[in-house]
Amino acid sequence: MIKIRYVDSHTGGEPTRLVLDGFPDLGALPLAERVAALRAGHDNFRAAVATEPRASDVVVGALLMPPVEPGSVASVIYFNNVGYIGMCGHGTIGVITTLHYLGRIAHGTHRLDTPVGTVSCTLRPDGKVSIRNVTAYRHRQAVTVEVEGHGPVTGDVAWGGNWFFLADAGARALNVGNVGPLTEYSFALRRALARDQVTGPGGEEIDHIELVGAPSHKSLDGRNFVLCPGGAYDRSPCGTGTSAKLACLAADGKLAEGETWRQESIVGSVFEASYRKADGGVTPTITGQAFVCGEGTLLCDPADPFCWGIH
């Protein structure tokens, strides 16, 4: 019987499952090489944690490991129901909150190593966490693709720790009751991007779609719907998606350096965001709050036909 110990949290409604132990030892490889080692030789562990019958399509896993860089508190690899994620904003907020719950860190600023770089995280006394993310930037502006069944759609390609295509939602209602049509439309848009070979530099897949629209209240600045790689929608405002949005706002001169942008999710949770100018883009700071909501041990019985998840 293989045992995997974990703690669950959610950030703005989006779950994070922090794996404390039970995965294979990946040694001292650089984080990007550890991701490759997991993908090539131990992907069943990812599936056991992040797919049915133990999880759902919306769960983001985070494998906790010792730090890689001097001065960091830990390192982490993020994953979901279909693969691995370079960086995860809501997940990082969840990891920092969980480390505090476990008594491993105090309030203050901590560095966390991820496969796309080290991020600085400040845990505040009120429980909120501010993440200084990796550099975000807009790669392409006003890209138009023909979306089957919907016509031409124009949007921006931007990096916020993952690759995003950001497009105006138009008349589409950004609310939970409209998740089905929003998901179908976003999938069609992603297929159109792949068909037309719209990618990040070097051919990186654009695996996140972000539809943007008006917020529900005048105290907020925007509302979004984010389709994640595995087909689930982000319940939080999406930390990397908000970072990509900041990069576009900054490039268009619509948000000043240091000014706060309040990003609302489709379920009504909010991240506060701002940026500083950086070489090649902007350095975003994303603030949100997570809550620990469960802990336990996953049991993987080799005799179970679904021991390694339902694919």
Side-chain angles (χ1 to χ4, degrees), residues 11-12 14-16 31-32 34-36 38-39 46 50 57-63 75-95 112-119 121 131-140 143 155-167 183 186-187 189-190 193-194 198-212 224-251 263 265-266 271 273 275 278 280-286 288:
T11 309
E14 184 77 355
T16 304
L31 286 181
R34 295 188 208 182
V35 172
L38 278 175
R39 183 183 289 115
R46 173 200 60 80
D57 289 352
V58 70
V59 171
V60 171
L63 175 58
S75 65
V76 65
I77 292 174
Y78 294 110
F79 54 89
N80 62 11
N81 59 322
V82 294
Y84 300 87
I85 308 169
M87 170 58 185
C88 183
H90 94 267
T92 299
I93 293 172
V95 168
L112 185 69
D113 301 325
T114 80
V116 298
T118 299
V119 294
C121 313
I131 303 167
R132 191 171 69 230
N133 198 6
V134 297
T135 300
Y137 64 96
R138 182 166 65 190
H139 173 57
R140 294 182 63 183
V143 177
D156 292 350
V157 176
W159 170 261
N162 296 297
W163 280 109
F164 287 82
F165 188 82
L166 297 94
T183 299
S186 298
F187 262 127
L189 180 48
R190 199 163 79 184
L193 294 170
V198 178
T199 68
E204 293 98 332
E205 179 188 4
I206 300 171
D207 55 4
H208 290 71
I209 302 297
E210 182 170 0
L211 306 179
V212 296
N224 66 15
F225 171 88
V226 175
L227 181 71
C228 299
Y233 71 92
D234 200 325
R235 276 69 170 168
S236 82
C238 189
T240 55
T242 300
S243 297
K245 176 66 176 177
L246 289 180
C248 295
L249 289 167
Q263 183 67 56
S265 78
I266 195 171
F271 285 166
Y275 72 88
V282 301
T283 300
T285 296
I286 308 295

K.L.:
Do I93 and F271 have side chains that get closer than 4.5 Å, going by heavy atoms?
P.N.:
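A side-chain contact exists here, since the closest heavy-atom pair is under 4.5 Å.
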K.L.:
Please name the residue in the list D207, L189, I209 that meets the side chain to side chain contact (heavy atoms under 4.5 Å, CB included) test with L227.
P.N.:
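Running side chain to side chain contact (heavy atoms under 4.5 Å, CB included) over D207, L189, I209 with L227 returns exactly one hit, I209.
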K.L.:
Taking the side chain as every heavy atom from C-beta outward, state whether K245 and F164 have any atom pair closer than 4.5 Å.
P.N.:
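With C-beta onward as the side chain, the pair stays apart.
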K.L.:
For P284, is there any backbone N or O sitting under 3.5 Å from a side-chain donor or acceptor partner on R132?
P.N.:
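It does not hold such a pair.
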K.L.:
Evaluate the criterion side chain to side chain contact (heavy atoms under 4.5 Å, CB included) for residue pair L38 and R46; output intermediate values, then yes/no.
P.N.:
CA-CA 8 Å; L38 278 175; R46 173 200 60 80; over 6 Å; no
K.L.:
Between W159 and H139, is there a side-chain heavy-atom distance shorter than 4.5 Å?
P.N.:
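SC-SC contact between H139 and W159 ruled out.
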K.L.:
What heavy-atom pair brings E14 and V60 nearest, and what distance separates the two atoms?
P.N.:
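That would be OE2-CG2, 4.4 Å.
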K.L.:
Would you confirm whether R138, through its side chain, and V157, through its main-chain N or O, come within 3.5 Å as a donor-acceptor pair?
P.N.:
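Between the backbone of V157 and the side chain of R138 there is no qualifying donor-acceptor contact (under 3.5 Å).
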K.L.:
How far does OG1 of T199 sit from CD1 of I206, to the nearest 0.5 angstrom?
P.N.:
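Between atom OG1 of T199 and atom CD1 of I206 there are 6.5 Å.
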K.L.:
Take D234 and S265, measure what side chain to side chain contact (heavy atoms under 4.5 Å, CB included) needs, and give me the verdict at the end.
P.N.:
CA-CA 8 Å; D234 200 325; S265 78; over 6 Å; no
K.L.:
Using a 3.5 Å distance criterion without hydrogens, assess whether the side chain of E210 forms a donor-acceptor pair with backbone atoms of V226.
P.N.:
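The answer is no, because no donor-acceptor pair under 3.5 Å joins these two groups.
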K.L.:
Taking Y78 for its side chain and T92 for its backbone only, find out whether a donor-acceptor pair lies under 3.5 Å.
P.N.:
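Yes; judged by distance alone, with no hydrogens or angles, the pair exists.
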K.L.:
Any donor-acceptor pair under 3.5 Å linking the side chain of R190 with the backbone of P229?
P.N.:
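Yes: the side chain of R190 pairs with the backbone of P229.
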K.L.:
How far apart are the closest heavy atoms of I77 and P115, and which atoms are they?
P.N.:
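So the two residues come closest at CG1-CG, 4.3 Å.
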K.L.:
What pair of heavy atoms forms the shortest contact from L63 to F79, and how long is it?
P.N.:
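Here L63 and F79 meet closest at N-CE2, 3.9 Å.
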K.L.:
With no hydrogens and no angle check, is any side-chain donor or acceptor of T16 less than 3.5 Å from a backbone partner on T11?
P.N.:
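Not at all, since once roles are kept as given, no pair shorter than 3.5 Å links the two residues.
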K.L.:
Please answer whether the main-chain N or O of P15 pairs with a side-chain N or O of H90 as donor and acceptor at a distance below 3.5 Å.
P.N.:
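Flag set: sc H90 to bb P15 pair under 3.5 Å.
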K.L.:
For L246 and A273, work out which heavy atoms get closest and say how close.
P.N.:
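Heavy-atom minimum between the residues: CD1-CB, 3.7 Å.
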K.L.:
Are the aromatic rings of Y137 and W163 close, with centres under 6.0 Å apart?
P.N.:
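Yes.
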K.L.:
Any heavy-atom pair between the side chains of I286 and S243 that's under 4.5 Å?
P.N.:
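Yes. Closest side-chain heavy atoms under 4.5 Å.
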K.L.:
So which heavy atom on C248 is nearest to which on L166, and how close?
P.N.:
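Shortest heavy-atom separation between C248 and L166 comes out as SG-CD1, 4.2 Å.
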K.L.:
To the nearest 0.5 angstrom, please state how far the SG atom of C88 sits from the CD1 atom of I131.
P.N.:
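If I round to the nearest 0.5 Å, the distance is 8.5 Å.
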K.L.:
Find the distance between CD1 (I266) and CG (N224) and round it off to the nearest 0.5 Å.
P.N.:
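Result: 8.5 Å between the selected atoms.
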K.L.:
Measuring only between side-chain heavy atoms, which start at C-beta, is V134 closer than 4.5 Å to V119?
P.N.:
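In contact.
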K.L.:
Do side-chain atoms of D57 reach the backbone of G230 as a donor and acceptor pair under 3.5 angstrom?
P.N.:
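Not a single qualifying donor-acceptor pair exists.
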K.L.:
What is the minimum heavy-atom distance between G231 and T183, and which atoms define it?
P.N.:
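In this case the closest contact between G231 and T183 is O-CG2, 4.1 Å.
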K.L.:
I'd like to check R34 versus S75 (side-chain heavy atoms, cut-off strictly below 4.5 Å). Are they in contact?
P.N.:
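Counting from C-beta outward, R34 and S75 do come under 4.5 Å.
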